[in-house]
Amino acid sequence: VSFIGDERKVTITGEAYFDVAHQPSKPFTITSGTASITVLGTQFNVNAYNDESDIKVTLIDGSIKISQQQSEEILKPGQQARIASGIQVLNEVDIEETIAWKEGRFRFSSVDIETIMRQVARWYNVDIEYQGKIPGTISGGTSRFVNVSKLLQILELTKKVKFEIYEKKIVVKPA
């Protein structure tokens, strides 16, 4: 992307990985919803989907400033800001899980089935329907390039969930 003028501004919905060169004369700012990220020369991931409850900004290297209304936080490498009605900073997040999508992988560490299925819905462009509550969490991973039926078979190995596929709809049921 080429930027014209004295500022570099991006607005995001979805997920993006940034590797930004520090240029004090041309600040780089990202906005998503009510959050603003000022880049100070760095590598980081932004997860800002409309169907997620919060925006997640994970710092890989360098420094970024997160702002929302009157709140402001500066992240250090390995930290993640979760932005909803405020900014919550988490230390020592799983960087590999955060950027697995960039490497063409699904990777889950103790997440609920709804979190997994939101990613499945976006990646495979399918609708998800739930028939019952799926208890507990799931950990694991695979390539994002496997057929969706193969991914669902892998998830069924947990003995927590089973699936039915109807054209572009996946029905999720307790096992």
Side-chain angles (χ1 to χ4, degrees), residues 10 12-20 22 28 30-68 71-124 126 128 130 133-148 150-161 163 170 172 175:
V10 175
I12 180 175
T13 299
E15 189 159 13
Y17 180 86
F18 294 89
D19 188 346
V20 180
H22 183 56
F28 191 98
I30 300 162
T31 56
S32 183
T34 60
S36 176
I37 304 158
T38 303
V39 179
L40 308 172
T42 191
Q43 295 176 6
F44 60 101
N45 193 79
V46 178
N47 180 303
Y49 290 102
N50 289 332
D51 62 351
E52 296 291 343
S53 62
D54 52 16
I55 298 167
K56 296 178 186 80
V57 181
T58 308
L59 183 60
I60 313 302
D61 185 48
S63 181
I64 55 177
K65 179 172 65 175
I66 310 290
S67 304
Q68 183 190 45
S71 298
E72 200 172 89
E73 295 284 345
I74 295 179
L75 295 189
K76 297 176 187 166
Q79 290 182 320
Q80 181 181 82
R82 293 195 178 181
I83 308 155
S85 59
I87 303 171
Q88 175 188 14
V89 177
L90 305 177
N91 295 305
E92 300 178 24
V93 296
D94 186 338
I95 299 296
E96 289 182 28
E97 180 178 353
T98 301
I99 62 172
W101 70 272
K102 188 172 93 59
E103 308 299 327
R105 299 202 47 83
F106 286 110
R107 183 172 165 163
F108 309 110
S109 297
S110 299
V111 296
D112 59 33
I113 193 67
E114 291 85 1
T115 300
I116 293 170
M117 296 311 293
R118 282 193 302 273
Q119 287 190 39
V120 169
R122 289 190 292 258
W123 183 254
Y124 293 103
V126 295
I128 308 297
Y130 295 91
K133 179 75 175 142
I134 314 303
T137 61
I138 296 174
S139 296
T142 189
S143 169
R144 283 183 177 256
F145 302 104
V146 300
N147 187 295
V148 69
K150 177 67 175 166
L151 173 61
L152 300 178
Q153 287 174 349
I154 292 169
L155 292 170
E156 284 181 341
L157 292 173
T158 65
K159 306 271 191 231
K160 294 179 180 184
V161 64
F163 303 95
I170 299 171
V172 183

A.B. asks: Within 45° of the six-membered ring axis of Y49 and under 6.0 Å from that ring's centre, is NZ or CZ of R122 located there?
C.D. replies: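 Yes, a cation-pi geometry.
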
A.B. asks: Would you say the side-chain atoms of Q43 pair up with the backbone N or O of Y17, donor to acceptor, closer than 3.5 Å?
C.D. replies: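 Checked: no pair found.
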
A.B. asks: Residues in side-chain contact (heavy atoms from CB on, under 4.5 Å) with L90, at least two apart?
C.D. replies: Q80, R82, Q88, V93

A.B. asks: Are any side-chain N or O atoms of S67 and backbone N or O atoms of E72, one a donor and one an acceptor, separated by less than 3.5 Å?
C.D. replies: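 No, because the side chain of S67 does not come within donor-acceptor range (under 3.5 Å) of the backbone of E72.
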
A.B. asks: Does atom CG of N50 have more than 12 heavy-atom neighbours from other groups under 6.0 Å away?
C.D. replies: no

A.B. asks: Over all heavy atoms of both residues, which pair between Q68 and S85 is shortest? Give the atoms and the distance, please.
C.D. replies: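 Nearest heavy atoms, Q68 then S85: OE1-C, 3.8 Å.
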
A.B. asks: With no hydrogens and no angle check, is any side-chain donor or acceptor of K160 less than 3.5 Å from a backbone partner on P135?
C.D. replies: no

A.B. asks: Can you tell me how far CD1 of I60 sits from CD1 of I99, rounded to the nearest 0.5 angstrom?
C.D. replies: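 The CD1 atom of I60 is 5.0 Å from CD1 of I99, to the nearest 0.5 Å.
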
A.B. asks: Nearest 0.5 Å, what's the CZ-OG distance between R118 and S53?
C.D. replies: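 Those atoms lie 6.5 Å apart.
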
A.B. asks: If you measure only the distance, is there a donor-acceptor pair under 3.5 Å linking the side chains of W101 and N47?
C.D. replies: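 On atom types as modelled, these side chains do not qualify, holding no pair under 3.5 Å.
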
A.B. asks: Can you confirm whether I134 sits close enough to D112 that some side-chain heavy atom of one is under 4.5 Å from a side-chain heavy atom of the other?
C.D. replies: no

A.B. asks: For V148 and W123, what are the C-alpha separation, side-chain angles and deciding distance, and is it a side chain to side chain contact (heavy atoms under 4.5 Å, CB included)?
C.D. replies: CA-CA 9 Å; V148 69; W123 183 254; over 6 Å; no

A.B. asks: How long is the span from the CD atom in Q119 to the CZ atom in R144, to the nearest 0.5 Å?
C.D. replies: 5.0 Å

A.B. asks: Check step by step if side chain to side chain contact (heavy atoms under 4.5 Å, CB included) holds for K102 and N45.
C.D. replies: CA-CA 10 Å; K102 188 172 93 59; N45 193 79; 5.8 Å; no

A.B. asks: List the atom of V57, the atom of L75, and the distance in Å for their closest heavy-atom pair.
C.D. replies: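 The pair with the smallest heavy-atom distance is O-CD1, 3.6 Å.
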
A.B. asks: Taking side-chain contact (heavy atoms from CB on, under 4.5 Å) as the definition, give me every residue that meets it alongside T142, ordered by chain and number, with sequence neighbours left out.
C.D. replies: F106, V146, L151, I154

A.B. asks: Can you confirm whether K65 is buried at NZ, in the sense that more than 12 heavy atoms of other residues, nucleotides or ligands lie under 6.0 Å from that atom?
C.D. replies: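 No - once you tally the heavy atoms of other residues, nucleotides and ligands closer than 6.0 Å, there are 12 at most.
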
A.B. asks: With a 4.5 Å limit on heavy-atom distance, are the side chains of F108 and T137 in contact?
C.D. replies: no

A.B. asks: Between F18 and F44, how do the two ring planes meet: parallel, tilted or perpendicular, split at 30° and 60°?
C.D. replies: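 Taking F44 first and then F18, their aromatic rings lie parallel (interplane angle under 30°).
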
A.B. asks: Would you compute the distance between atom CG of L59 and atom OG1 of T98 and round it to the nearest 0.5 angstrom?
C.D. replies: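 Here the interatomic distance stands at 11.0 Å.
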
A.B. asks: Report the distance from atom CD1 of I30 to atom CD1 of I37, rounding to the nearest 0.5 Å.
C.D. replies: 5.0 Å

A.B. asks: Does D19 have any salt bridge (Lys or Arg N to Asp or Glu O under 4.0 Å) partners at least two apart in sequence or in another chain, and if so, which?
C.D. replies: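 Listed in chain order: nothing, the list is empty.
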
A.B. asks: Minimum heavy-atom separation for S139 to S110, with atom names?
C.D. replies: OG-N, 2.7 Å

A.B. asks: Are more than 12 heavy atoms, taken from residues, nucleotides or ligands other than Q153, located less than 6.0 Å from that residue's CD atom?
C.D. replies: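 Yes.
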
A.B. asks: Specify the closest pair of heavy atoms between G78 and I95, including all atoms of both residues, with the distance to one decimal.
C.D. replies: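 Closest approach of G78 to I95, heavy atoms only: CA-CD1, 4.0 Å.
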
A.B. asks: Can you see which heavy atom on G141 is nearest to which on R105, and at what distance?
C.D. replies: C-NH2, 3.9 Å

A.B. asks: Do any N or O atoms from the side chain of S32 and from the backbone of I12 form a donor-acceptor pair under 3.5 angstrom?
C.D. replies: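 Present.
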
A.B. asks: State the CD1-CD1 distance between I138 and I113, to the nearest 0.5 angstrom.
C.D. replies: 4.0 Å

A.B. asks: Between I55 and A35, which heavy-atom pair has the shortest distance, and what is it?
C.D. replies: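 Minimum heavy-atom separation between I55 and A35: CD1-CB, 4.2 Å.
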
A.B. asks: I'd like to know if the side chain of Q79 reaches the main chain of K76, judged simply by a donor and an acceptor atom lying under 3.5 Å from each other, with no hydrogens or angles considered.
C.D. replies: yes

A.B. asks: Quick one: does M117's side chain get under 4.5 Å of L152's, heavy atoms only?
C.D. replies: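 Sidechains of L152 and M117: in contact.
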
